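Data first, discussion second: the structure below is written as structure tokens.
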Number of protein chains: 2
Amino acid sequence: MVASSVAAELIAVLVAVTGATPQVLTIARGASLPSGPLSPEHRSLQAGVRAWVERQTHHPLGYVEQLYTFADNDRNAVSRAEGRAISISYLGLTREQPNAEDDGATWCNWYDYFPWEDRRHGGVGDSAIILALHAWVEAAPKPSEIRARSLRVAVAFGLEGRRWNEELVLQRYELLYEAGLVAEATRDGIACHSDTSGLGLGLPMQQDHRRILATGIARLRAKITYRPVVFELMPPMFTLLDLQRSVEALAGRLLHKQNFRRLVEQQELVEETGIMAEPTGGRPAKLFRFRADILQERAYAGTKPPLARS
Amino acid sequence: MVASSVAAELIAVLVAVTGATPQVLTIARGASLPSGPLSPEHRSLQAGVRAWVERQTHHPLGYVEQLYTFADNDRNAVSRAEGRAISISYLGLTREQPNAEDDGATWCNWYDYFPWEDRRHGGVGDSAIILALHAWVEAAPKPSEIRARSLRVAVAFGLEGRRWNEELVLQRYELLYEAGLVAEATRDGIACHSDTSGLGLGLPMQQDHRRILATGIARLRAKITYRPVVFELMPPMFTLLDLQRSVEALAGRLLHKQNFRRLVEQQELVEETGIMAEPTGGRPAKLFRFRADILQERAYAGTKPPLARS
DNA sequence: CTAATTATGCTCATTATGAGCATAGGAGTT
DNA sequence: AACTCCTATGCTCATAATGAGCATAATTAG
């Protein structure tokens, strides 16, 4: 029952969407997620994260959710030397338009870090990655290990007749890490059996921040299918196509337009504003607003169905 | 980026099922969840939890999942005095039959702590609780607050035509806490507007352990609907009714027998052993075993549908 | 042999989902 | 004005998932 004393920090995965681009707030020119100390002045962790982020970004935080607590001994050399470090990570959504630069913080397209996760324009680009993964599969020491690796690759990347599951972001990243295909792996001393240049394996991050980002993306992709959290990312008024583009940006795949509208409407999550959107060369779209009243109840209950299907 | 130093402990919600009773491992004669220090010798938190639990209980841990990290300043007097304490809670499932006693640890029916969560034999017993909650609703200072409270109660407890959502375990507990109806609330100095004796409000626990337990139950109830984790709680061979009783025990409600079988079979998660169960006064049931091969893939992918519907 | 009890097979209505066709309402072009 | 191009919006249809119930099978207890 004696609690050991450890170092603790907060790490935030802050998400916004601009048009069709999912953005994540980074520091150190895109190499790190924003992190800060666990300050004791706040009542709860959640409140601490909110205050800290809002002070840093000057943006209100619409939605905050705890992601995961990491305390691996082998996370990095620093933690090995100084004893265990605990990182408590949070996912936060903001509807503000990301500025270009904000005291050293930058909003980056999250697919810069995970190019293979964006399948809105076809997943064909994967083939090089898949080939490299197969090399790793074959390099396994035992036949049983070959089978195990092969299955993992097939499931994670939707091969052999399986469907692509967009929520397996973390599994895919960890597979690539184990295979030595992402830069963090070679940095951490994991051997690689392929030439990784030009494979589109994304930008690396410091420490295990890319893993944390993967966790956040996976969580958000899962969340939008059963909670109307997308609206936390939308401006006050939007067209149904805007909304669809946002969901598609997060999910990394395209949706059937008519079915998407049907879903949104039958959920009664939005209402017309009576205003039309700026003409864009086609039939003008109605502007909708989010029905905050119903959200309160829905968000709390989770009674009703999702908001993102193929 | 300077991480503050804090005290950290692990708290485990260990679950087993005996017949139709969901059990949770407790210490201090049912007043606490087992907790231990975060020992630095393990590679990861997960590994640390597993080793620690298995050393304590001498049972293999089938499934481990991180629940939540609590670090509220107001968690209890101790943390206030000594600075922030971090508690990292885990959910663990074991298929071992719980012994009566094991070095001070006791398996308890989790509905002893949440009687209102067991609706397998009707939810009528709620009326007293509902009345007390209504008293709290009416005691709100402002009309807007009355409406807000009223909505929360209705959603959490499935009133006014809403359906009972068995995953809202934590919301219900927190509502009862705020209303001063559970013993922990009065202990923490929250006023109550009703006579709470004889309402069936469950056994209290030390600190916020009952809240952590509620978190674990909610997580497990959600999990069984999309991941075949129930099997972690089953013996090597079981009848389909055994399996159903286990799911019902966790979910706190009865399921349609035929539909349950249909679901289990179409998921191909079990296979016949060729052995029949001991006669129990009716037609003898076939004994099934869990198909570990398919689980590996399923558990990892989460491709296929759930295993628990009404 | 009958009643009670549990297992198991099957049907049916309702709803959710995925895909496509058709029409509506604008801008620009000839 | 007629035509083209574009996006919005309305509607249908097949299929799958879900919730509920009926019917039959295989036992034990009496």
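Lettering of chains follows the sequences in order, A, B, ..., and the numbering in each one begins at 1. Basis for what follows: all heavy atoms, side chains included, without hydrogens, waters or symmetry-related copies. Small disclaimer: the values here were computed from a predicted structure and weren't measured.
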Going by atom type alone, with no hydrogens or angles, which donor-acceptor pairs under 3.5 Å involve a side-chain atom of residues 283-290 of chain B and a protein atom two or more places apart or on another chain?
from   : atom 1 : to     : atom 2 : distance (Å)
B:K286 : NZ     : B:E272 : OE2    : 3.1
B:R289 : NH1    : B:E271 : OE2    : 3.2

With the side chain defined as heavy atoms from C-beta on, B:H256 is closest, among D:dT18, C:dT17, D:dG21, to D:dG21

Residues that [X] engages under side-chain contact (heavy atoms from CB on, under 4.5 Å), provided they are two or more places apart:
X      : result
B:E174 : B:L170, B:R211
B:N109 : B:T21, B:P22, B:Y111, B:D112
B:A218 : B:V169

Please write out the pairs of protein N or O atoms and N or O atoms of nucleotides 6-9 of chain C separated by less than 3.5 Å, giving the distance to one decimal.
from  : atom 1 : to     : atom 2 : distance (Å)
C:dT6 : O2     : B:R283 : N      : 3.3
C:dA7 : OP2    : B:K257 : NZ     : 2.5
C:dA7 : N3     : B:R283 : NH1    : 3.3
C:dT8 : OP1    : B:K286 : N      : 3.4
C:dT8 : OP2    : B:R261 : NH2    : 2.2
C:dT8 : O5'    : B:R261 : NH2    : 3.3
C:dG9 : O6     : B:Q258 : NE2    : 3.1

Send over the distance from [X] [atom1] to [N] [atom2], rounded to a whole Å.
X      : N      : atom1 : atom2 : answer
A:F238 : D:dA8  : CZ    : P     : 14 Å
A:R262 : C:dG20 : CZ    : P     : 13 Å
A:R253 : C:dG18 : CZ    : P     : 8 Å
A:L243 : D:dA8  : CG    : C1'   : 15 Å
A:Q266 : C:dT17 : CD    : P     : 7 Å
B:R163 : D:dG19 : CZ    : P     : 7 Å
A:E278 : C:dA27 : CD    : C1'   : 14 Å
B:L263 : D:dA20 : CG    : P     : 14 Å

Taking the side chain as everything from C-beta on, heavy atoms only, tell me whether B:L243 gets closer than 4.5 Å to B:F260. yes

*Does A:Y113 have any side chain to side chain donor-acceptor pair (under 3.5 Å) partners at least two apart in sequence or in another chain, and if so, which?*
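If we apply the side chain to side chain donor-acceptor pair (under 3.5 Å) test to A:Y113, skipping adjacent residues, there are no hits.
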
